[in-house]
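Notes for the one structure printed next.
In listed order, ligands and their atoms are each counted from 1.
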Amino acid sequence: VMASMAHLQKEKLRLQEELLELQEKLAAQENNELSLSLQLQGQVETLKAKLLEQAQEISRLRSEQGGTDVEKHRDLLAAENERLRQEMKACEGELRELQRQQQAPCRDCPHLQENAGLQEQLSQLQREAEEMRAKLVELDLEVQQKTNRLAEVELRLKDSLAERAEEEERLSRRLRDSQETIASLKSQPQQIKYIIKTVEVESAKAKQALCETQSRNQYLQEQVGMQKQVLKEMEQQLQKSQKTEAQLRAQIMMYEAELERAHGQMLEEMQAMEEEKNHAIEEAFSRAQVEMKAVHENLAGVRTNLLTLQPALRTLTHDYNSLKRQVRDFPVLLQETLRSARAEISQAIEEVHSTNRELLRKYRRELQLRKKCHNELVRLKGNIRVFGRVRPITKEDGDGPEAANAVTFDADDDAVLYLLHKGKQVSFELDKVFPPQASQEEVFQEVQALVTSCIDGYNVCIFAYGQTGAGKTYTMEGTAANPGINQRALQLLFSEVRGKAADWDYAITVSAAEIYNEALRDLLGKEPQEKLEIKLCPDGSGQLYVPGLTEFRVQSVEDINKVFEFGHIKRVTECTNLNEHSSRSHALLIVTVRGLDRSTGLRTTGKLNLVDLAGSERVGRSGAEGSRLREAQYINKSLSALGDVIYALRSRQGHVPFRNSKLTYLLQDSLSGDSKTLMMVQVSPAEKNTSETLCSLKFAERVRSVELGPVSRKAELGSWPSQEHLEGDSPGAAAPPGRSHASPSPGQLSSRSASIRRKLQTSG
Ligand code: ADP
Ligand code: MG
C-alpha cells in the first residue's frame, strides 16, 4: 500500500506540474491576446485621429476655396467626404466588431507615413493653389478696374464723337443753307447784290464765325485725334490687359488643372490608401482570425487537455484522499492488525507449542518405544551379527588343484555355505553369506543400518576377521575405485547428518589407531611410535578414553581421504613391509558422531569402530621363533580375548573379560550395552586355504551361535575357546596355556543356532 501510495503521489505531482504548465501557457496566451487587442485599439485610435484630421483639412480647404469651380469641387469633395465618412464608420463598426472578437496587431504601417507625406504635399499644393487664387483675385480686380475705366473712356469718347457729329451736321446744314442763300441771292442780283452786300457785310462776320468754327473744329479735331490716341492707347492697354488676363486665365486654368490633377492624385492616393487600409484591415482581420483560430484551437486543445486531465486529477485526488485516509487510518489499522496478528501469532505459537510439546512427548514415547522395539529386536536377533564373505579366486592363488574352489553356496539360503575339506563337505550357517561376486555396494547395503544407528547414539563395531589374504582390508578399506565399508560408512554418515541438519547439529571426528603386539599407537599422531594408554574418564562416567589419541574433525569425503592417506603414510613410513605388518596388527578407524538436537537440547554420541583385524592364521604350529612367535602369540591372545568378550556378551554373563586384551579393552564401551557388533568373517575359497577357512568359519559360527537367554547363558558359562581350539577336531592342535576349557562342539552349536534362526524367522 505504501509503495502504491508513493507511486500515486509521484503521479499526482507530475500531473500537477503539467496542469501548472498548461495554466501558464493559457495565461501567456491570454496576455498575448490582450496585448494584440490593445495594439489594435491603438491603431483604430490613430486611424480615427487621422480621419478627423482629414475632415478638418477638408473643411479648411472648403472654407478657403471660394471660387465656383472650387465650390463645385468642394461639393464633390464634401460628398466624397461624406461617403468616406460613412465608409469609415462602417470600417469602424467592423473594426469594433473585430476588436470585440479578438484583435490582431496592425503595427505601424508604412502607408501611414506615406499618407502623411502625401498629405503634406497636398497641403503644399493647396497652399500654392490658394496663393494662385489670391493672385487671380487681385488680377481680376485690376481687370475690373481697367474695364470700368475703359468703359468710362469709351462712353466719353462716344459722347464727344456724337457731339462732333452733331456739330458737323449742324455746320454742314448751315453751309448748305448758306450756299442756297448765295444761289438765291445770285439769281436775285439786286437782292443778291444787296444780299451780297449784306452777305459781303455779313460774310466777314460769317467768315469770322467760320474761322472761329473752323478753329473750334480744328480744336475739336485735335481733341478727337488726341482722344483717338488716348483710345488707341487705352485699346492697346486693354489689349495688353486682356492678354495678361488671358495669360492669367491660362495660368489659372493650368493651376486649376494642376489642382485638379493633384486632387485626383490625392483622391487616387486616398483611394489607394483607403484600399490599402482596407487591405491592411482585411489582412489584419484575416491574420487576427487565423491567429484567433489558432488561439481557439490551442484553447480548445488546452480545454480538452484540461477536460481529460480533470477526471484523472479527480480520480487522483480521490485516490490521494482515500490513500490519505488509509494512511491516516493505517497506524490504527496496523496497530489493530498487529495486535490481532500478535494475538493470533501468540495463540498460534501457543498452539504450536502445545502441539510441539504433545509431539515431543509422543516423539519421546515413540523413540523410547522404537528403542525398546529395536532393543527387543536386537535382543531377539542378537546384537552381535556374523557375516561371511568369500573372496573370489585371484591370480595370487595360482593355478592347479591348489587354487581350486572349495566353497559352494546354497541357492535357497543366503546364510549357508559349504566347504569341501579333505573330501568332506561341511556346511556353515551364518547370519548372511556374501559370495565372491557380491559387490562392495551389496556388502555395504547390509551394514548401513548399523552405520546409521551410530547417528542415533549407538556404538557400533565392525570387525573384519580372517586369515591374511582373505579380503579383510578389501572389505574394510577397498580400493580407490571401489571403496570399502570405511569410506562408504563415512559418506553415509555425512549424507544422513546433512539430511538431519534442519534439527540437529552433528560433529563427526575420526581417529585411527593400530594395535601391534598389544601396544596401542596413534596413526594420526605426531609420534606414531608412542604407546598410548587407555584410561578411565576422570568424570566418573566409567567411560574409557585414550589420552593423546588424535581426533580429526571431518566434514567431507575429501577430509576422510586426507585422513586415510595420512594414516597410510604413517604406517608405510613406520614399517619396512606394510603388508606383513598390517597382517600382524589390528587397524582401527574410530568414528565418533556427536549430535545435538537444537529443539530439545538432546545430545547423542555414537561411535563407529571399524576394525581390520590381524590375520587369524596360525603360525605357532610351524615352529616360529623370536618376534614372529611373539607376534603370533599376541595375535592369538587378542583374537581369543575378542572371542571371549563376544561370547560373554552374547551369553549375557555378569562378567565380560574386556581387560584381557588391548583391543577389547579399548572397544569396551562399543561392545557392551546397546552396542551392536558385526563380525565379517573373510574366507578364501581356494583349496590350499581350506584348513584356515574351516577355522575362520568355525570361529564365526561359534560367535554367532551363542545361545541367548539366561538359562543357556548359565549353561554355557565358561571361557571362549582359544584360537588353537578352533581347529576342533585337529589332533595335532596344541592347547594354549590357560585356555583348556571345553567348548561346545560345532555340530551342537550349529543345530542350536538353526533352531534360534527358525524362531526368529517365525516371529518375524
Ligand atoms: P587381507 O587384508 O585379509 O590380508 P586383502 O584384502 O589384502 O586381504 O585381499 C587379498 C587380495 O585379494 C587382494 O589383492 C584383494 O584385492 C583381493 N580381494 C579380496 N577380496 C576381494 C573381493 N571380494 N573381490 C575381489 N578381490 C578381492
Ligand atoms: Mg589386510
Side-chain angles (χ1 to χ4, degrees), residues 386-399 402-409 414 417 430 432-447 462-488 512-516 523 564 567-568 570-572 574-589 609-619 628 631-632 634-636 638-639 642 663 678-697 699-700 723:
V386 182
F387 289 171
R389 188 179 188 185
V390 182
R391 74 156 169 82
I393 302 276
T394 61
K395 275 185 206 150
E396 282 82 51
D397 293 328
D399 0 72
E402 284 225 310
N405 183 28
V407 178
T408 48
F409 303 89
D414 64 355
L417 95 167
L430 306 174
K432 170 123 187 132
V433 173
F434 294 103
Q437 62 273 18
S439 66
Q440 299 280 63
E441 176 77 50
E442 283 169 54
V443 172
F444 183 71
Q445 251 168 24
E446 286 298 318
V447 300
I462 300 174
F463 296 101
Y465 178 96
Q467 74 171 112
T468 300
K472 297 182 296 292
T473 307
Y474 184 86
T475 295
M476 297 313 282
E477 284 177 20
T479 57
N482 203 2
I485 292 170
N486 287 5
Q487 209 184 90
R488 284 173 200 268
E514 183 189 68
I515 299 171
Y516 175 68
L523 287 178
F564 287 168
H568 266 293
K570 287 275 153 153
R571 257 182 135 183
V572 170
E574 297 304 319
C575 316
T576 43
N577 184 342
L578 176 67
N579 233 12
E580 183 79 356
H581 176 85
S582 70
S583 66
R584 312 310 322 152
S585 64
H586 309 301
L588 291 101
L589 179 71
N609 302 280
L610 301 158
V611 190
D612 185 354
L613 291 168
S616 60
E617 65 273 11
R618 300 141 301 161
V619 285
R628 199 84 180 87
E631 270 178 0
Y634 275 124
I635 290 163
N636 181 32
S638 64
L639 290 176
L642 179 64
L663 179 69
L678 170 69
M679 185 65 76
M680 183 70 81
V681 177
Q682 296 284 148
V683 291
S684 159
E687 173 62 44
K688 61 172 180 183
N689 295 127
T690 48
S691 145
E692 286 301 331
T693 302
L694 189 70
C695 279
S696 293
L697 287 170
F699 175 87
Q723 282 290 99

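Among the atoms of T473, an N, O or S atom is found under 2.8 Å from the Mg ion (ligand 2).
Taking any N or O of D612, backbone or side chain, none lies under 3.5 Å from an N or O belonging to ligand 1.
Heavy-atom minimum distance, N689 versus S684: OD1-OG, 2.8 Å. Heavy atoms only, all atoms of each residue included: M476 and I462 are closest at CE-O, 3.8 Å.
Counting only distance, with no hydrogens or angles, the side chain of Q682 and the backbone of G471 share a donor-acceptor pair below 3.5 Å.
Only the side chain of R389 comes within contact range of ligand 1, with a heavy atom under 4.0 Å; no backbone atom does.
Ligand 1 lies nowhere less than 4.0 angstrom from a heavy atom belonging to Q440. Residue contacts with ligand 1 include P392, since one of its heavy atoms falls under 4.0 Å from the ligand.
Comparing heavy-atom distances from atom 1 (P) of ligand 1 across G478, A614, G469 singles out G469 as nearest.
For P392, the side-chain contact (heavy atoms from CB on, under 4.5 Å) partners at least two apart in sequence or on another chain are P436.
Each of T693, V407, N405 was scored for a side-chain contact (heavy atoms from CB on, under 4.5 Å) with V390, with one residue passing: V407.
Near G471, meaning under 4.0 Å from any of its heavy atoms, are these atoms of ligand 1: 1 (P), 3 (O), 5 (P), 6 (O), 8 (O), 9 (O), 19 (C), 20 (N).
Note: D414 CG to K432 NZ = 4.0 Å, rounded to the nearest 0.5 Å.
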